[in-house]
K.L.:
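Have a look at this one.
Since we're looking at a predicted model, the values are computed, not measured.
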Amino acid sequence: MQTSDVDFNCFSMDTFVRNMTSQSSLWADQVSTLQELFQGLSKYNNDFLMPLLISTNYFSNVEITRLLCKSPMESYNAYMELLEFNMDLLSRYFSGSLNALDEYNSRELKKGVTSWYNTIFNLEGEKLDGFVSRQSAMISNVTKLFPQAIQDIEPEYGFHFERGENPKLAETDRFIVYRVAPSDKTVRTDGNMKPVLIIPPYVLGSNILAFLPGENKSYAHSFANQGIPTYVRIMKDIETTPAFQTMTIEDDALDTREFCEKIKAEHGKPVTLNGYCQGGYTALCNILSGELDGSVDAFISCVAPMDGTRSLGFGKFLKKLPLRFNDLSYGTKTLASGNRVADGLLMGWVYKLKSIEAEAPMVSFFRDMLMVTGKNNKPVKISKTAAALNYWLQNERSDLPLAVTKMSFASYNTPITEDGTLPVTMFDRTLNLKRIAEKKIPWLICYGEHDDLVEKETALAPLDYVDAEVTPFPKGHVAIATSWSNPESACALHTRFGKNQTRGPVRFHLDLDKALDEALKPVKTALNESPAPEAKPVPPKQAVPETKTATPKSPKQPSPKKAASAKKTVKPAREAKPAPAVPKKPVEKSAKKPTPEKVRDAVRTAPRGNKSGGAGRKTTGRSAKPLVKE
């Protein structure tokens, strides 16, 4: 018995040594894997901590002056509150990191032990060298393959106005408005349709609204591909545009008014203003200021933070921050021109701090590693959607004018009053939500059911003061601009969907256009039936004076017979005189143009679209001018 145990032990040790030494690449792969792991984690840590270093510099510059103005006890209490706040962030940071590590270990540790056991006893299955090699490939996917895929997606992501495919309509010192050409080359824009102007967010940039046009994932192109005249307002480069650096929210409203007036003049119909995220709140303020009266008659807001104090995530995060440090001065930088602006990189980083347990570097690293790992250890092809989203997160951050930042800051720190007044003023006027009802402006509010950036409560705050149509979308903050902008998706923007058959923003706009056409149809019919001014017959009255004046000047007097015959010919003309003076009075009365209030009422109360959710260009009722080229 003892001999058998010795033989077994000798066999096992011999087998172990022989199997381990036979795998010559094992040790080299382990070293290489550890190097790549360290490199990858370092990059993710640097990306996360770089804004921290920037914010530390801003913090020290502000506190150097404030420490001299505050009492020592006040400063001590503020710093103790800040320490408590930072300790809470740190605990959530480590908690999230450990959870991510535990999730990875629960998936891979068992496989590692199995491969070690298979190696020692030379059993079937993955050996230790195969396990290490696979881990190395997974890490390499994150550190090399994934960054390359993000870089390669750049030509397909965004608007790319430099290519000249989207013509420029107008320009101010701060913005440029482009008309978005359909990405579907079989569709042409119908200039007779109601136009829409899209206002992108300041921080997140405009290119997220043209996510992947070639893949039919673009919010802006979902309008344009229905033949709708679609326009988008683009910020100029803040680094090189002093007028944009010092822009006020009044400048924003005046520029938007100029654009809307030009668009309305171009198409003969008022504009639907469509704001996405922060652009939705900006657009609302512009409408409530009264500057867009007459040029804008409808409003769409998508995932827009209307009352940030109701936010369960970011709003709660700001409330925990000590009052002394809840100040824009700690996120402001000075440009080469000497103008001060809000640091866009730091603004984006604050949103990461809000969800630090899910955005910590280690959490992000392991999440990305599992995302780019195929099933059954097979190599995975990184999707264009994942690459484009990460390109947006890494590159689409812009500094903000201080006036715009103050507007957003106020909306997250001061609630809407009981009577519906916003915590913002423009042109020394208060902005009240009830003006939407007074002007009878149709309003569609879209929100994400799982949006952790702009929660449902924040987006739907206006419903306490005005009536608006509401459309919920599955998923999160950018799903409307990415997943659901695909016309083949379950919640396509030009259809009705969901249990309540709610309308997407494109469907909402198409129905407004149809209702407006129906309201104006009697006017167009009357104008078509009434005679054109140049077609009126010349009244005989003009011919009679010529006969009378010519008679006295004639040297010869006409004979009585000729005079009598002349009178006979003139007399019928005098009897026909009243005819041209009555150009069909009843027709002119029916051609009276409806007042703007009646048109808006007709638009507001018109039937709300096709419940079947058909494509817009097939339900607009235009047969004389097809939108699809034959």
K.L.:
Is any side-chain heavy atom of Ile445 less than 4.5 Å from a side-chain heavy atom of Leu463?
P.N.:
yes
K.L.:
So, Asn500 and Thr502: side-chain donor and acceptor under 3.5 Å apart, yes or no?
P.N.:
no
K.L.:
Return the set of residues passing ring pair (Phe, Tyr, Trp, His ring centres under 6.0 Å) with Phe508 (not counting sequence neighbours), or none when no residue passes.
P.N.:
none
K.L.:
Minimum heavy-atom separation for Trp349 to Ser55, with atom names?
P.N.:
CZ3-OG, 3.8 Å
K.L.:
Would you compute the distance between atom CG of Leu431 and atom OG1 of Thr425 and round it to the nearest 0.5 angstrom?
P.N.:
7.0 Å
K.L.:
Could you tell me whether the side chain of Phe161 reaches within less than 4.5 Å of the side chain of Arg163, counting heavy atoms only?
P.N.:
no
K.L.:
Check whether Asp513 reaches the backbone of Met193 with its side chain - one donor and one acceptor, N or O, closer than 3.5 Å.
P.N.:
no
K.L.:
Using distance alone, with no hydrogens and no angle criterion, decide if Asp251 and Thr248 have a side-chain donor and acceptor under 3.5 Å apart.
P.N.:
yes
K.L.:
Counting only N and O atoms by type, is there a donor-acceptor contact under 3.5 Å from the side chain of Trp392 to the main-chain atoms of Leu204?
P.N.:
yes
K.L.:
Show the numbers, then the answer: is there a side-chain hydrogen bond (donor to acceptor under 3.5 Å, both in side chains) between Arg257 and Ser295?
P.N.:
CA-CA 8 Å; Arg257 181 181 69 184; Ser295 58; over 6 Å; no
K.L.:
Tell me if the centroids of the rings in His267 and Tyr231 come within less than 6.0 Å of each other.
P.N.:
yes
K.L.:
So, taking the atom named OG1 in Thr272 and the one named NE2 in His509, what distance separates them when rounded to the nearest 0.5 Å?
P.N.:
4.5 Å
K.L.:
Would you check, one step at a time, whether the test side-chain hydrogen bond (donor to acceptor under 3.5 Å, both in side chains) holds for Asp343 with Tyr58?
P.N.:
CA-CA 10 Å; Asp343 193 318; Tyr58 296 156; 2.7 Å; yes
K.L.:
With distance as the sole test, does Thr230 use its side chain to make a donor-acceptor pair with the main-chain N or O of Ile228 at under 3.5 Å?
P.N.:
yes
K.L.:
How far does OG of Ser183 sit from CD of Glu165, to the nearest 0.5 angstrom?
P.N.:
10.0 Å
K.L.:
In sequence, state the C-alpha distance, the side-chain angles, and the governing distance for Lys264 and Asp297, and then conclude on salt bridge (Lys or Arg N to Asp or Glu O under 4.0 Å).
P.N.:
CA-CA 11 Å; Lys264 180 183 177 182; Asp297 71 340; over 6 Å; no
K.L.:
How close do Ala342 and Leu402 get, counting heavy atoms only, and between which atoms?
P.N.:
N-CD2, 3.9 Å
K.L.:
Between Tyr178 and Phe159, is the ring centre distance below 6.0 Å?
P.N.:
no
K.L.:
Which heavy atom of Phe325 sits nearest to which heavy atom of Leu321, and what is that distance?
P.N.:
O-CD2, 3.6 Å
K.L.:
Within the side chain of Asn339, is there an N or O that forms a donor-acceptor pair under 3.5 Å with the backbone of Thr246?
P.N.:
no
K.L.:
Run the side-chain hydrogen bond (donor to acceptor under 3.5 Å, both in side chains) test on Ser337 and Gln245 for me, step by step, so that the C-alpha distance in whole Å, both residues' side-chain angles and the decisive distance to 0.1 Å come before the verdict.
P.N.:
CA-CA 9 Å; Ser337 62; Gln245 297 167 8; 2.6 Å; yes
K.L.:
Indicate yes or no for a side-chain donor-acceptor contact from Lys269 to the backbone of Asn192 under 3.5 Å, with no hydrogens or angles considered.
P.N.:
yes
K.L.:
Once ring-ring contact (aromatic ring centres under 6.0 Å, His included) is applied, what residue pairs with a partner in residues 404-437 remain, sequence neighbours excluded?
P.N.:
Phe314-Tyr412
K.L.:
For residues Tyr281 and Leu422, determine if any side-chain heavy atom of one lies less than 4.5 Å from a side-chain heavy atom of the other.
P.N.:
yes
K.L.:
Looking at every heavy atom in both Cys260 and Leu197, which two are closest together, and how far apart are they?
P.N.:
SG-CD2, 3.8 Å
K.L.:
Is the shortest side-chain heavy-atom distance between Leu512 and Lys194 below 4.5 Å?
P.N.:
yes
K.L.:
What's the verdict on side-chain contact (heavy atoms from CB on, under 4.5 Å) for Asp452 and Leu312, showing C-alpha distance, side-chain angles and the deciding distance?
P.N.:
CA-CA 9 Å; Asp452 60 355; Leu312 302 178; over 6 Å; no
K.L.:
Could you check Phe299 against Asn286 for side-chain contact (heavy atoms from CB on, under 4.5 Å), going step by step and ending with a plain yes or no?
P.N.:
CA-CA 11 Å; Phe299 181 39; Asn286 290 346; over 6 Å; no
K.L.:
Is there a donor-acceptor contact under 3.5 Å from the side chain of Asp399 to the main chain of Glu239?
P.N.:
no
K.L.:
Could you please spell out the steps behind the side-chain contact (heavy atoms from CB on, under 4.5 Å) verdict for Ile436 and Leu284?
P.N.:
CA-CA 9 Å; Ile436 295 287; Leu284 174 64; 4.3 Å; yes
K.L.:
Taking Thr421 for the side chain and Thr417 for the main chain, is one N or O donor matched with an acceptor at less than 3.5 Å?
P.N.:
no
K.L.:
How many angstroms lie between atom CD1 of Ile208 and atom OH of Tyr276, to the nearest 0.5 angstrom?
P.N.:
7.0 Å
K.L.:
Looking at side-chain heavy atoms only, is the closest gap between Tyr219 and Ile480 below 4.5 Å?
P.N.:
yes
K.L.:
Got Phe211 and Thr385 here, is their nearest side-chain heavy-atom distance under 4.5 Å?
P.N.:
yes
K.L.:
Show your reasoning for whether salt bridge (Lys or Arg N to Asp or Glu O under 4.0 Å) applies to Glu258 and Lys262.
P.N.:
CA-CA 6 Å; Glu258 179 179 339; Lys262 288 186 177 181; 3.6 Å; yes
K.L.:
Can you tell me how far the CG atom of Asn486 sits from the NE2 atom of His221, to the nearest 0.5 Å?
P.N.:
13.5 Å
K.L.:
List the atom of Pro472, the atom of Phe497, and the distance in Å for their closest heavy-atom pair.
P.N.:
O-CE1, 3.7 Å
K.L.:
Please test Asp464 against Arg310 for side-chain contact (heavy atoms from CB on, under 4.5 Å), starting from the C-alpha separation and ending with a verdict.
P.N.:
CA-CA 13 Å; Asp464 291 347; Arg310 305 189 186 194; 2.8 Å; yes
K.L.:
Mind checking what makes ring pair (Phe, Tyr, Trp, His ring centres under 6.0 Å) contact with Tyr465, not counting sequence neighbours?
P.N.:
none
K.L.:
Does a salt bridge link Glu291 with Arg429, judged by any charged N lying under 4.0 Å from a carboxylate O?
P.N.:
yes
K.L.:
Which residues satisfy the salt bridge (charged side-chain N to carboxylate O under 4.0 Å, His left out) test with Arg174, sequence neighbours excluded?
P.N.:
Asp255
K.L.:
Looking only at side-chain N and O atoms, does Asp252 offer a donor or acceptor that is under 3.5 Å from a partner on Tyr202?
P.N.:
yes
K.L.:
Please report the interatomic distance CG(Leu292) to CZ(Phe259), rounded to the nearest 0.5 Å.
P.N.:
12.0 Å
K.L.:
For residues 453-463, which residue pairs qualify under side-chain hydrogen bond (donor to acceptor under 3.5 Å, both in side chains), counting only residues two or more places apart or in two chains?
P.N.:
Ser311-Glu455
K.L.:
Heavy-atom count around Lys333 NZ within 6.0 Å, excluding the residue itself: above 12?
P.N.:
yes
K.L.:
Which residues pass the side-chain contact (heavy atoms from CB on, under 4.5 Å) test with Lys236, sequence neighbours left out?
P.N.:
Glu171, Ile176, Thr241
